[in-house]
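Worksheet for the structure shown next.
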Amino acid sequence: MKNWWNKKKNKTRKGKKSSSDYTVLDGFLDVLFMIPELIFLPFRLIFWLLRGVGRLFSNMFDFL
């Protein structure tokens, strides 16, 4: 029984992927998730800047 258990334990240990392994598929998926972020980031920055300028002007007119 012990011999069977040791064989089974060795098979399951080999099948497990350690957390430090970084495969090609992981890198490909990371790139796929980054592409939309890189495309939309400049538009978001422009939107935030225009919104901030608009709020600044509206606060100036409220002060007057």
Side-chain angles (χ1 to χ4, degrees):
M1 185 72 173
K2 188 175 184 178
N3 190 17
W4 171 81
W5 180 252
N6 286 333
K7 284 183 186 179
K8 183 179 178 183
K9 200 164 46 168
N10 286 336
K11 283 182 184 178
T12 57
R13 283 186 184 165
K14 287 179 186 175
K16 287 184 182 177
K17 185 175 94 169
S18 68
S19 62
S20 64
D21 289 344
Y22 195 77
T23 63
V24 174
L25 181 64
D26 292 334
F28 183 70
L29 290 174
D30 283 344
V31 169
L32 281 179
F33 280 110
M34 276 191 252
I35 289 172
E37 291 295 323
L38 292 175
I39 290 171
F40 292 120
L41 181 65
F43 297 113
R44 279 194 216 156
L45 289 175
I46 291 169
F47 174 74
W48 290 336
L49 287 173
L50 291 176
R51 199 166 124 188
V53 169
R55 286 187 180 185
L56 180 68
F57 282 136
S58 70
N59 287 339
M60 284 180 16
F61 289 124
D62 287 343
F63 183 69
L64 296 175

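- With sequence neighbours excluded, no residue forms a side chain to side chain donor-acceptor pair (under 3.5 Å) with Arg51.
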Would you tabulate the side-chain donor-acceptor contacts of residues 32-41 under 3.5 Å, counting partners in other chains and residues two or more places apart, or write 'none'?
from	atom 1	to	atom 2	distance (Å)
Glu37	OE1	Arg44	NH2	3.3

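- We find the CZ-CG distance between Phe43 and Leu45 to be 11.0 Å, quoted to the nearest 0.5 Å.
- Val53 and Met60 fall within the same hydrophobic cluster, where Ile, Leu, Val, Met, Phe, Trp and Tyr residues are linked whenever their side-chain heavy atoms come under 4.5 Å apart, directly or through other members.
- Membership of the apolar cluster around Ile46 extends to Leu50, as traced through chained side-chain contacts below 4.5 Å between ILVMFWY residues.
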